[in-house]
Asker: 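Encoded as structure tokens, here's the structure I'll be asking about.
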Amino acid sequence: MSRHRRPHRRARAREAGAPGRGAPQSTVRGEALRAEIEAKGINLYECYTCRLCTEEMQRGILTLTEPYRKAFGESEWRRDIFNEPVCPTWDYYRHEAYTAYGRALLARDLADGLEVAPDDRRMQEVVYTCLLCGGCQELCFSRNRVPLMKEFMPLPREVWDLHGILLAERKWLFERHGWEVVPEGLRTLAQRLLAGGTATGEPKSHATRWVEATGADVVDLSRGGTADVLLLLDARAPYDRLLWPALAAGVRLIRAAGLTVGTLGADEIATAMPVLAAGDVRGYLDLNRAAIDKITRMADGGRIGRAVTVDDTGYQAWTAPAKHYGAASHVHFPFTHIVPFVADLLREGRLTFGRPVDEEVVLLDGCHIGRHGKVLDQPREILARVPGLRVRETALRREYLYCCGAAAGAPEAFPEQAMWWGRKRLRQAASAATPGATVVTTSLICAAHLRRIASADAGPPVKDLTEIAAAALA
Amino acid sequence: MATETHGRPGRPKPWAVGGRPKGVDEKTFARALREFAAIVGDGNVSFSPAELVPYAHDVIMIPPIWPSAVVRPGSVVEVQQIVRVANRLRVPLWPVSTGKNIAYGRMMAVEPGNVVLDLARMNRILEVNEKLAYAVVEPGVTYAQLYKHLRDQNLPLWLDPPATAPGAGPLGNTVERGVGYTPYGEHFLFSCGMEVVLPDGRLLRTGSGALPGSRTWHIFKWGYGPYLDGLFTASNYGIVIRLGIWLMPEPPAYQPILMTCDREDDVVAIMDFLRPLKVSHLLPSAVVVAHALLAFAAEAEYPRHLTGGTRPVPEDWIREQARTRMLGIWNIAGCLYGAPAVVKELTDVVRRRAAAELPQATLLDVDAARQSPYWDHKVRNMTGVPSMVEYSRLSWRGGGNAFVAPVVPLFGEEARKHMEIARPIFWKHGFDYIGEFIAASRDQHHVMMLLHKQPDEMARAEACYRELTDAFCDGGYLPYRTNVGFMDHTMRRLDPVFQAVCAELKRALDPNEILAPGKNGIRAAAARPARRGRVPGAAGRRSGAPRRGPGRPAQGAAKTRRHPAKRRGGLR
């Protein structure tokens with residue numbers, strides 16, 4: 001058996017001295033992947049191969065945890081059955097490899113020395129069509145084991161962490177094979193973000209155009225000044241017209257609470273989740289730590305009171321634990337996402353809704369803010385306070401939501417699949433409400449993605465939750 | 001077969017993935033893949049290592065067995081076409097349905113290099129007849145899917161799921177002669193009528209289905225002439241692509257009977273108590289008598305600090321764990337069904353007999369007991385509701401399991417004797433006895449779980465499994481199933497005439513041996529005495545040549561060589 005050789009590439013790397021990031025490292029062996037995963041406290045052999053990660057085959061067999069009770073109640077728990085996929089890639093491909101357990105087994109095999117060709121398109125699809133949405137993590141029976149057994153052992157069991165394995169797998173593949181292993185669309189997006197660009201390709205100098213277009217009352221902190229709240233817009237929202245109404249709505253809500261709002265203008269940060277999705281963990285963490293350091297200086301210098309992000313992947317980047325390559329331990333200033341922030345303002349009485357909104361909405365939880373960020377109660381609290389609003393929910397809700405395909409570079413790398421997932425999510429929304437009901441998301445990335453699809457398909461209106469909330473301001 | 005290691009004990013070597021089937025040259029294999037793709041579409045033919053991964057693994061103690069490719073047909077016609085291509089080009093196929101034969105091999109073939117024929121796309125529920133209480137299913141239908149269908153249609157019919165439902169499939173489980181826990185637990189007994197794709201591509205309808213236009217295909221088992229259905233269970237004579245299964249009408253009432261006993265040797269009295277109830281069918285469900293360790297292994301953490309991974313778990317620890325979980329040393333679960341008055345009367349009969357013959361047993365209150373995951377799981381099993389609890393036992397020691405499943409006469413003394421054979425072997429190899437007796441009408445399946453830590457304990461588990469198999473066979477206790485790593489070994493323990501007839505049937509139906517070679521140890525070549533030279537029908541292979549065991553790399557296969565079909569721009 002001969003190892004696949006790329007002598008010219010190694011020679012180039014040698015010539016360059018220390019290999020640059022993104023250059024393949026043939027010295028990176030499977031043991032490194034095993035070590036990375038085991039360092040997170042994960043045992044690669046804890047998969048039951050039960051495939052519950054693919055389909056919520058029977059509600060009643062899931063552990064009767066508090067999230068389950070909140071999502072579905074308890075009365076029919078033992079006999080109810082759902083049998084609806086929660087894993088979008090399984091749903092699309094219906095192939096055993098396109099599952100969380102398939103990818104986890106692949107990680108095990110890579111750690112044991114399996115070699116893959118970096119340009120193997122099927123391998124790229126297996127690995128990178130995973131949306132990192134976390135649905136598998138919620139359903140995993142090895143993590144949650146037996147119904148009712150929470151009395152005997154703390155759940156979930158962290159010794160089996162699918163999300164951690166999937167991220168480590170991408171990190172290893174990137175370190176082993178470089179950018180060649182990353183599917184083209186995701187590669188382009190990630191490299192652009194690493195180079196200081198934006199998610200849409202618009203120049204950063206356009207970061208304030210949304211302010212001019214919407215008349216939002218914000219301070220451009222890149223030119224000096226102070227603000228109670230630094231609104232972090234990240235790499236997509238200020239450059240995507242579809243999201244400007246949501247940005248303006250967010251500002252209105254915060255201003256209505258008597259707080260001043262500042263943004264970074266052309267110095268806007270990028271938390272760059274696609275870079276993580278590509279596997280360049282070092283680049284991702286470097287970017288985020290630099291951004292956090294910048295905000296820390298502003299906070300320490302008294303220029304801002306707190307930072308609030310509108311970007312759900314940005315929220316995840318700065319709140320996720322280290323084993324999921326989050327920068328949570330680096331953040332030492334008050335930081336939250338706009339949805340829980342608005343919920344807090346309402347609870348504290350600093351914000352009230354006085355205007356009725358005569359609308360029917362279907363709430364779609366987002367993966368990064370909801371499932372990973374655990375911001376699930378707050379959207380419901382906010383919507384419950386909007387007078388006149390009729391709120392519906394899809395059958396797949398809360399932690400058990402179905403990812404719409406907006407993140408992890410999916411629309412860029414796998415546009416056909418991303419459209420398919422988005423359409424399915426919109427169909428789920430449609431089946432939960434009367435025709436024409438507004439789809440409301442808690443994630444700007446989801447809002448942009450679903451808005452584009454709905455617009456192309458003459459589908460329902462799609463709004464961000466902040467838009468609904470702002471409409472209720474007196 | 002030895003587990004190959006690479007530095008660390010039990011860790012398999014890096015292997016050659018995607019190697020060709022044995023005896024098939026590169027050109028022929030590339031042609032086969034092209035023809036498969038022309039039948040099912042490019043997207044349903046896989047040979048990238050990343051797409052083969054799930055088909056190479058199970059939780060058992062043998063290293064991965066890699067297929068060369070996976071083909072996923074969506075219809076009977078496609079299966080027939082694929083089989084004809086495979087026959088013409090001598091490419092071995094390994095059919096799988098839902099792929100949930102967990103701890104028996106899942107989707108692994110006996111030999112590396114087979115092309116897995118994944119039938120999961122064929123997942124239609126073809127018919128459900130409420131009045132005659134049967135369903136007709138394709139291979140990809142799962143218990144969960146059928147259960148949902150019955151609930152959605154509000155049909156008063158019960159499934160009989162096996163312990164590892166809901167992702168398992170009724171067709172696959174029945175064809176492997178799996179069992180459940182309701183009165184319909186003997187799955188093959190309660191199946192009726194098959195449609196089978198033979199190795200030459202012909203379509204066979206068994207039983208009453210042999211009459212064209214039959215109106216009794218799935219309601220009268222025997223048909224006319226020889227009963228052929230059994231040939232296609234636990235064998236490699238054909239691909240079952242349609243199966244009728246009888247469903248239990250939802251009973252007006254049911255009463256679980258849950259009891260515990262607190263001494264090891266109570267098992268003698270328990271099985272003798274159950275025997276007349278089972279032979280007379282008074283207690284119609286399968287009755288499970290589970291040892292405490294099996295009952296709570298799904299919930300507890302293995303006490304490695306007490307055992308060092310090499311000594312049995314202390315008995316006082318077992319008792320303490322059982323006590324906190326409403327469990328005894330032995331845990332008995334059965335169920336009565338019928339009209340309310342009948343169930344009440346039968347319950348009183350069983351309770352009176354238990355009080356007289358099994359006074360040491362504690363009868364549990366069912367509602368209270370169902371707070372325990374184990375008892376809840378057993379009640380679900382016995383009332384047609386799929387449950388997943390069994391899976392959790394995999395975490396007991398670290399991910400590995402192999403089922404050991406010999407059959408024992410339904411006598412208490414036999415149960416005790418069998419435990420005396422089994423337990424010392426488990427202990428000798430540093431494992432725990434984790435088992436249960438499942439009382440059927442005249443036999444008891446002594447199902448044991450060889451739970452082990454992967455990969456470190458795989459070699460030890462393999463040795464233990466081999467010794468258990470040999471000890472049971474030496475004692476006259478036939479294992480009714482075994483995993484892909486031990487199929488040849490088990491077949492060689494059986495009577496030579498039985499082996500020869502199996503091989504002769506194989507040669508008659510599948511002379512080119514393209515269908516699941518080695519499944520349950522059935523091979524065409526065994527029918528002939530070993531001699532040198534070409535064996536007709538076994539293309540490219542000499543008889544007597546050493547047979548490659550599972551886990552060893554395909555001969556001559558390179559790791560990341562670009563696939564020949566890709567080089568020519570074919571396929572993708």
Asker: Quick check: under 4.5 Å, non-hydrogen atoms only, which of residues 94-104 of chain A neighbour chain B?
Answerer: A/Arg94, A/His95, A/Glu96, A/Ala97, A/Tyr98, A/Tyr101, A/Gly102
Asker: With sequence neighbours left out, write down each residue that passes side-chain contact (heavy atoms from CB on, under 4.5 Å) with A/Arg187, or none if nothing qualifies.
Answerer: A/Trp179, A/Val182, A/Glu184, A/Gln191
Asker: Is the shortest heavy-atom distance from the side chain of B/Leu394 to the side chain of A/Ser142 under 4.5 Å?
Answerer: no
Asker: Are more than 12 heavy atoms, taken from residues, nucleotides or ligands other than B/Tyr254, located less than 6.0 Å from that residue's OH atom?
Answerer: no
Asker: Going from OH on A/Tyr48 to OG on B/Ser392, what distance comes out if it is rounded to the nearest 0.5 angstrom?
Answerer: 4.5 Å
Asker: Could you tell me whether a side-chain N or O of B/Lys100 sits under 3.5 Å from a main-chain N or O of A/Thr49, the two making a donor and an acceptor?
Answerer: yes
Asker: Looking at every non-hydrogen atom in both residues, tell me the closest pair between B/Asp42 and A/Arg122 and how far apart they are.
Answerer: O-NH2, 2.8 Å
Asker: Could you give the distance from CD (A/Glu125) to OG (B/Ser48), rounded to the nearest 0.5 Å?
Answerer: 10.0 Å
Asker: Grab the two heavy atoms, one from B/Val59 and one from A/Cys47, that are nearest each other, plus how far apart they are.
Answerer: CG1-O, 4.3 Å
Asker: What distance do B/Gln454 atom CD and A/Glu46 atom CD have between them, rounded to the nearest 0.5 Å?
Answerer: 10.0 Å
Asker: Which bit of B/Asp118 is near chain A, if near means a heavy-atom gap under 4.5 Å: side chain, backbone, both or neither?
Answerer: side chain
Asker: Return the OH to NE2 distance between A/Tyr45 and B/His452, rounded to the nearest 0.5 Å.
Answerer: 10.5 Å
Asker: At a heavy-atom separation under 4.5 Å, does B/Arg121 approach chain A through its side chain, its backbone, both, or neither?
Answerer: neither
Asker: Could you state the interatomic distance from NE2 (B/His57) to CG (A/Leu106), rounded to the nearest 0.5 Å?
Answerer: 8.5 Å
Asker: Distance from B/Leu52 atom CG to A/Leu105 atom CG, nearest 0.5 Å?
Answerer: 12.5 Å
